[in-house]
Undergrad: 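The structure follows.
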Amino acid sequence: MRKPFAIAAGPKAVGWACLCVVFSPVSRAFAAAPLNYLTSAGVQGDSVLPLTWGVTIISIAVIVIIAILVAGGIWRRPGLSVQPAGRRLPVEEKASGLNWIWIGVGISSLVLLFMVVWTMAVLARVTSPPTRPALTIEVTGHQWWWQVRYLSRDPAQIFTTANEIHIPVGEPVRFKLVGADVIHSFWIPQLGGKTDAIPGQTNETWLEAHKPGIYRGQCTEYCGVQHAKMGMLLIAESPGDFAAWRAHQLQSPAHPATGGQWAGLANFTAHCGACHAIRGTDAAGMVGPDLSHLMQRHTIAAGILPNDPADLERWISDPQGIKPGALMQKPELSANERASIISYLETLN
Amino acid sequence: MADRLPIETALPVGAIDTRASGWWAMIFVVFTEAALFAYLLFSYYYIAVQPHAPHTFPEGGLPDLKLAVPNTIVLLLSSGAVAWAQFNIEKNDKRHLVWGLGIAAVLGMIFLVVQYFEWAAKPFALASSSYSSLYFVVTGFHMAHVVVGVILLWALFAWSAMGYFNRVRYAHIHIGALYWHFVDAVWIAVFFTFYVTPYLGLRT
Amino acid sequence: MTITDYERVPTVSTDENQALADKFKRLWETKPGLAGFLSTVDHKEIGIRYIITAFGFLIAGGVEAAVMRWQLAWPGEHVLTPEQYDQLFSTHGMTMIFLYAGPILSGFSNYLWPLLLGARDMALPRLNALSYWIYLCAGIFLYAAFAFGFGPNDGWFNYVPLAARPYNAGPNIDFYALGMILLGISTTVGAINFIVTFLRMRAPGMSINRVPILIWGTLTASAANIFAIPAVSLAFFLLWMDRNLGTHFFDVPTGGSALLWQHLFWMFGHPWVYAIVLPAMGMVSDGLPVFCRRPLVGYTVVALATVATMVLGFGVWVHHMFATGLPTISLSFFSAASIIITVPSAVAIFAWIATIWTGRPVFTTAFMFFTSFIVLFTIGGVSGVMTGSVPVDWQLTDTYFVVAHLHYVLIGINVFPVVGATYFWFPKFTGRLMDERLGRWNFWTMFIGFNLGFFPMHISGLLGMPRRVYTYADGMGWDWLNLITTIGSYVFAVGVLLFLINVWKSYRRGAVAGDNPWDAPTLEWATTSPPPPYNFVVIPTVASRHPLWEDRLQQHEGEGSHVDAGLVLDHDREAIGTSSLDATPDIILRMPHDSYAPVILALAVTAFFAGLAFHAWWLAALGALVVGIDIIGWLWPERKLGETAEPAIHG
Ligand code: HEA
Ligand code: HEA
Ligand code: CUA
Ligand SMILES: [Cu+2]
């Protein structure tokens with residue numbers, strides 16, 4: 001599969017510059033791993049990242065120390081290299097050895113206590129956003145795609161999209177998470193940790209991005225056969241760009257221009273409208289993603305295919321070949337019908 | 001050397017009083033069963049505090065105590081009868097042992113019959129709602145234990161009538177009794193949960 | 001009839017009494033042939049069966065893993081369909097956790113406990129047989145479903161609603177649910193048996209501060225199982241009801257709760273993961289000092305730490321649910337508890353290190369497995385502490401980091417000690433030593449293969465690779481890590497294969513071991529290798545933790561332990577029952593003879609569950625009926641066992 005998009009996220013270095021030098025080859029590996037969480041591009045991540053690195057380094061130190069102690073113990077006073085079967089060997093208990101336990105456990109306890117305190121401090125900081133979020137987005141996990149609804153007190157300001165979330169940079173955004181069918185988990189590693197989307201309860205989390213970029217997300221609770229291919233994108237953009245995007249989303253897409261496209265709309269309504277909605281048309285299905293502004297998306301099918309005409313065609317001709325088990329059956333379309341639908345979908349800016 | 005080993009006195013052979021491995025085993029059976037009921041009741045309370053539509057938890061309004069209270073007394077009396085049987089066999093009174101067990105078993109069966117009417121009177125079925133599922137499954141688990149207990153009581157009754165037990169060899173009686181007392185004690189917890197807590201305010 | 005009719009002063013003898021040995025052989029030996037096979041209650045026979053069956057499941061689970069690793073070796077690989085992959089990883093987890101890791105330790109403990117305690121058998125030998133037969137039936141039940149394509153497909157912890165009927169229409173989950181309840185019965189029965197054996201069957205003088213640590217490990221695990229197993233059995237039962245009878249425990253739209261499942265599962269699940277390592281840690285605590293030529297450092301604190309781990313282990317289950325949106329206050333509590341639970345583990349780690357440091361190591365293969373375990377435990381443990389920190393876990397959870405953690409703890413603290421223990425106790429089981437040269441190869445391939453395979457999983461996890469994905473795209477930065485993991489897994493598999501070859505080869509023609517090849521201190525080494533059916537001609541008397549090292553350590557009370565002279569108890573199958581704390585002789589127990597009741601009961605229970613699975617209610621009813629009859633027959637007061645008013649018949 002091709003790599004469908006470029007990732008603009010880079011490591012944030014505040015206070016960790018020295019580490020980055022030590023780990024610089026490693027950090028290059030991070031940059032090549034869009035889902036890594038050893039770098040951060042968000043406020044939540046900034047609080048958690050030092051803790052992540054901190055506990056990692058403590059852990060590595062513990063492993064090294066224990067390994068050295070074990071190796072030292074073995075090589076200090078090696079006895080026999082094979083046991084002469086059944087022969088009596090000396091046994092002795094010269095030292096009680098108990099001091100090892102007191103000292104070892106004592107030091108470990110201090111370290112652990114320190115970890116508990118640090119954990120609590122970070123937890124307190126990240127459970128709620130620094131300022132009250134102005135924007136609330138409801139994300140619903142479906143088998144195997146994400147529905148995204150921008151909430152507002154004003155019903156006219158509410159709109160629905162799918163699989164791609166836009167947020168303004170520099171301000172916290174609240175997410176309400178719902179599981180439509182089974183449990184999914186919402187995760188944008190560069191910006192923050194996971195929160196489950198569970199049927200019957202609404203979980204909340206928040207994210208704030210420092211700098212514009214396209215961040216990859218992934219469902220991380222096993223949710224059935226296509227759990228692997230339930231990705232998403234989060235696009236953080238300047239408040240201006242975000243406002244423009246939002247205003248555009250609130251409009252219905254423009255009417256088709258050509259006769260072919262009109263035929264496409266008719267075919268779409270007939271074949272696809274039971275599942276998909278396009279604002280301003282008769283297609284109002286709720287089973288699949290809202291396609292109103294499909295062409296604004298970078299990817300299709302929950303972040304797994306780039307959104308270009310060839311892949312769109314590939315998806316519509318055989319979704320099961322790309323995502324076996326997905327809840328979109330293979331549409332029964334003639335080549336003409338398919339071509340008309342695609343030419344129509346391409347107008348959905 | 002051998003004569004300095006610790007045993008000089010006689011040791012009982014076989015199951016004497018409650019010194020039988022089976023008695024210890026029953027203690028731990030009771031522990032694990034108690035845990036089972038604890039998890040069942042945990043499930044009840046857990047679901048009870050989830051949001052429900054008004055007046056649906058407990059379904060059908062506050063539970064009716066008309067049958068449940070007398071039935072609880074029946075079960076407690078049955079436990080008493082078993083205790084009496086235990087007391088008798090320790091005094092080597094085999095006849096009253098048999099009587100005690102028989103009375104306890106009959107009372108246990110009365111409990112089952114009354115439970116049947118209690119179930120039949122409920123306005124809901126197993127699959128109606130989460131409350132109804134909890135109600136029937138938890139009381140059903142308890143009923144299943146009563147059934148097993150009644151069978152055991154009848155077996156003990158028969159064995160006692162056959163003269164298997166006396167003043168020292170009565171481990172079976174005490175093992176069975178332990179189980180039966182447990183089944184009764186658990187009913188108190190079940191009763192409290194389903195019949196009392198709604199009156200104390202645990203409802204929607 | 002007077003009480004004296006029921007009493008006897010036991011005779012004493014030395015163990016060099018051929019007439020006695022012959023008599024015991026007649027009394028205790030299992031009949032040859034199929035009859036004996038089905039009716040035996042000998043703990044050694046049952047223990048070996050447990051071990052062989054559990055290793056069989058290790059191979060099955062391992063082969064499943066090997067296929068999964070092929071699929072994951074490269075991005076976009078498609079030797080498996082998504083559905084096949086899902087069943088594979090679920091069955092792999094189920095197999096390893098429930099059919100291998102628990103039962104293998106039950107096997108060792110079944111074999112070793114009476115020998116370590118100086119007893120003739122477990123307290124409840126027929127229950128012991130029952131527990132094995134049900135385990136076997138449950139394993140076959142679960143695997144039969146898998147063979148027909150109905151294996152579990154929702155991971156080993158089987159979250160609802162994905163496991164509920166609307167999202168999982170096939171019979172897969174029904175088989176998993178019923179199989180797990182069946183297995184739960186086996187585990188519970190076994191656990192009760194261990195506890196009662198501990199309380200009743202210790203040799204005279206073996207007060208509770210003199211039992212080997214393995215006893216503490218299995219005892220603690222068993223006590224935990226008593227309280228933990230009902231949670232999972234109940235959860236699976238409720239799920240089965242939801243799926244088949246339309247109840248609403250987990251069904252959200254009708255007032256059920258999806259999180260109830262998670263609570264019930266993990267209230268069991270976390271204690272269980274300790275239950276499947278504490279006995280293995282006990283094996284190391286007993287085996288390692290033998291090769292360090294000194295007693296374990298800090299016996300008392302290690303024993304207390306074992307218990308403490310388990311007690312705390314009941315208070316951390318929510319760390320598997322950190323991302324489910326629970327209130328911060330509860331997260332803080334469970335996070336702190338998860339980090340603090342390290343303290344008792346640290347006690348054990350430093351006790352082992354101190355034992356090596358203050359001892360004089362003898363480099364046997366068993367020693368190498370035991371010491372490497374210390375390092376692997378530490379790696380697995382510290383990654384657990386990392387996931388214990390809530391904000392960090394929000395990132396780590398459900399990525400390969402957790403997969404790395406669970407394999408380091410499970411393979412590091414279960415498989416490595418178990419393989420070491422096999423090298424250690426194989427001579428006792430078979431009378432033959434395992435090949436040390438092949439042992440070195442075995443150790444190094446397993447050790448290198450394991451670390452090569454599983455260490456990179458930490459990194460792929462930190463680079464964001466989610467678990468339970470049947471494939472992944474390239475360009476995610478995980479390709480080479482996965483390839484290394486696959487290669488390492490195969491090297492590890494070769495190591496396991498070398499182990500199996502060594503077992504087979506040594507069983508056929510290994511060097512003859514003698515009674516005590518390692519010059520070890522505990523009672524199992526006082527009898528012959530392999531031990532006779534009755535374990536000990538005379539019941540030993542114990543005066544210290546190291547009866548066979550007393551002459552060199554001088555730490556016993558009074559005149560010391562007796563292993564070559566002691567109580568005889570030869571009137572029938574008899575054993576000595578001792579008091580629970582000090583182990584002073586209390587009673588002469590009559591032990592049951594071989595019996596078909598356990599195997600029949602196991603088959604009947606299985607028939608009951610099969611009836612439920614196929615909705616063949618007549619079969620379920622028939623099974624229940626046979627169960628009832630079997631139990632009444634089993635419990636029927638027997639004169640021979642000293643359960644009836646007549647005095648017991650004298651042998
Ligand atoms: C074999 C069993 C076993 C053992 C022993 C452990 C031990 C521990 N586990 Fe693990 N765990 C599992 C088996 C086990 N685990 C499994 C199977 C899962 C995954 C389930 C699934 O999702 O499929 C899991 C998952 C799991 C999670 C959930 C992760 C997630 O899904 O997000 C967490 C979170 O807290 C956790 C924590 C711990 C901790 C703190 C310990 C501690 O007990 C470890 C303590 C030990 C040490 C730390 C090492 C020795 C100590 C020292 C050398 C002293 C010095 C140390 C320091 C100062 C740090 N485990
Ligand atoms: C005791 C427990 C145990 C053990 C020993 C193992 C052993 C192994 N595990 Fe397992 N694993 C789990 C417990 C265990 N696992 C659990 C609980 C899960 C979670 C499941 C879930 O998510 O629900 C899991 C999940 C899990 C995953 C993640 C799946 C996913 O999330 O998508 C992977 C992937 O690599 C994996 C791999 C392996 C490998 C390669 C081995 C190897 O060590 C196996 C080596 C053994 C053999 C191969 C068999 C013996 C060898 C031979 C007979 C030689 C000949 C054979 C060949 C050469 C093929 N395991
Ligand atoms: Cu949705 Cu995994
Ligand atoms: Cu845990």
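What you see is a predicted model, and the numbers here were worked out from it, not measured in a lab. Residue numbers start from 1 in every chain, and the chains themselves are labelled A, B, ... in the order their sequence lines are given, proteins ahead of strands. We use all heavy atoms of the structure for the numbers below, so side chains are in, but hydrogens, waters and symmetry mates are not.
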Undergrad: Select, from C:Asp251, C:Thr188, C:Asp242, C:Leu199, the one with the greatest count of heavy-atom pairs under 4.5 Å involving chain B.
TA: C:Leu199
Undergrad: Which residue out of C:Pro637, C:Pro230, C:Gly642, C:Ala191 racks up the most heavy-atom pairs below 4.5 Å with chain B?
TA: C:Pro637
Undergrad: Go through the atoms of B:Phe141 and report whether side chain, backbone, both or neither lie under 4.5 Å from a heavy atom of chain C.
TA: side chain
Undergrad: Heavy-atom pairs under 4.5 Å with chain B - which of C:Leu245, C:Asp586, C:Leu589, C:Ile229 has more of them than the others?
TA: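 It is C:Asp586.
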Undergrad: For chain C, find which of B:Val148, B:Ile151, B:Leu134 contributes the most heavy-atom pairs closer than 4.5 angstrom.
TA: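 Answer, by heavy-atom pair count under 4.5 Å with chain C: B:Leu134.
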Undergrad: Which atoms of B:Val13 are under 4.5 Å from chain C, going by heavy atoms: the side chain, the backbone, both sets, or neither?
TA: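 Contact with chain C is through both the backbone and side chain of B:Val13.
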Undergrad: For the CH2 atom of B:Trp24 and the OG atom of C:Ser580, what is their distance to the nearest 0.5 Å?
TA: 3.5 Å
Undergrad: Please name the pair of heavy atoms, one in B:Thr32 and one in C:Ile226, separated by the smallest distance, quoted to 0.1 Å.
TA: OG1-O, 2.8 Å
Undergrad: Do C:His248 side-chain atoms and B:Ala127 backbone N/O form a donor-acceptor pair below 3.5 Å?
TA: yes
Undergrad: In this structure, are over 12 heavy atoms from other groups packed under 6.0 Å from B:Tyr116 atom OH?
TA: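 Counting other residues, nucleotides and ligands, OH of B:Tyr116 stays at 12 neighbours or fewer.
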Undergrad: Any idea which heavy atoms bring B:Gly163 and C:Ala645 closest together, and the distance?
TA: O-CB, 3.9 Å
Undergrad: Would you please name every residue forming a side chain to side chain contact (heavy atoms under 4.5 Å, CB included) with B:Val138, sequence neighbours left out?
TA: B:Leu40, B:Leu41, B:Val190, B:Phe194
Undergrad: Distance from B:Leu36 atom CG to C:Phe237 atom CZ, nearest 0.5 Å?
TA: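 B:Leu36 atom CG to C:Phe237 atom CZ measures 10.0 Å (nearest 0.5 Å).
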Undergrad: Give a yes or no on this: more than 12 heavy atoms of other residues, nucleotides or ligands lie within 6.0 Å of atom CE of B:Met143.
TA: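 It does: B:Met143 CE has more than 12 such atoms within range.
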Undergrad: Tell me, side chain or backbone of C:Ile195 under 4.5 Å from chain B's heavy atoms, or both, or neither?
TA: side chain
Undergrad: Within this structure, what is the CZ-CG distance for the pair B:Phe37 and C:Leu234, rounded to the nearest 0.5 Å?
TA: 10.0 Å
Undergrad: Quick check: are there more than 12 heavy atoms from other residues, nucleotides or ligands sitting under 6.0 Å from CH2 of B:Trp23?
TA: no
Undergrad: Quick one: does any side-chain atom of B:Arg169 pair with a main-chain N or O of C:Thr644 as donor and acceptor, under 3.5 Å?
TA: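 It does hold such a pair.
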Undergrad: Is it the side chain or the backbone of C:Met241 that comes within 4.5 Å of chain B heavy atoms, both, or neither?
TA: side chain
Undergrad: Is chain B contacted by the side chain of C:Ile631, its backbone, both, or neither, given a heavy-atom distance below 4.5 Å?
TA: neither
Undergrad: Measure the spacing between CD of C:Glu7 and OG1 of B:Thr9 and express it to the nearest 0.5 Å.
TA: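 Those atoms lie 8.5 Å apart.
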Undergrad: Taking every non-hydrogen pair under 4.5 Å, which of C:Ala231, C:Gly246, C:Ala223, C:Ala123 racks up the most with chain B?
TA: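 Top count of heavy-atom pairs under 4.5 Å with chain B: C:Ala231.
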Undergrad: Of the backbone (N, CA, C, O) and the side chain (C-beta and beyond), which part of B:Ser128 lies under 4.5 Å from a heavy atom of chain C, both, or neither?
TA: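 For B:Ser128, the backbone is the part near chain C, not the side chain.
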Undergrad: Nearest 0.5 angstrom please: B:Ser43 OG to C:Leu238 CG, how far?
TA: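 The distance works out to 6.0 Å.
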Undergrad: Only pairs of heavy atoms separated by less than 4.5 Å count here; which of B:Arg19, B:His52, B:Glu33 has the most with chain C?
TA: B:Arg19
Undergrad: Give the member of B:Phe28, B:Phe57, B:Trp159, B:Phe165 that has the highest number of heavy-atom pairs under 4.5 Å with chain C.
TA: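 The option with the most such pairs is B:Trp159.
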Undergrad: Sort out for me which of C:Thr197, C:Leu264, C:Val189, C:Leu641 touches chain B most, counting heavy-atom pairs under 4.5 Å.
TA: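 Greatest number of close heavy-atom pairs with chain B: C:Leu264.
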Undergrad: Looking at C:Leu124 and B:Ser21, what are the two nearest heavy atoms and their distance?
TA: CD2-CB, 3.8 Å
Undergrad: Can you spot which of B:Tyr46, B:Tyr45, B:Tyr39 makes a ring pair (Phe, Tyr, Trp, His ring centres under 6.0 Å) with C:His263?
TA: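 Of all the options given, the one that passes is B:Tyr46.
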Undergrad: Hey, is CH2 on B:Trp154 packed in by over 12 heavy atoms from elsewhere, all under 6.0 Å?
TA: yes
Undergrad: With only heavy atoms counted, which part of B:Ala25 is less than 4.5 Å from chain C, the side chain, the backbone, both or neither?
TA: both
Undergrad: What closest approach, in Å, do B:Ala155 and C:Ile632 show between heavy atoms, and which atom pair accounts for it?
TA: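 For B:Ala155 and C:Ile632, the tightest heavy-atom pair comes out as CB-CD1, 3.8 Å.
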Undergrad: Measuring from C:Glu643:CD to B:Ile175:CD1, what's the distance to the nearest 0.5 Å?
TA: 8.0 Å
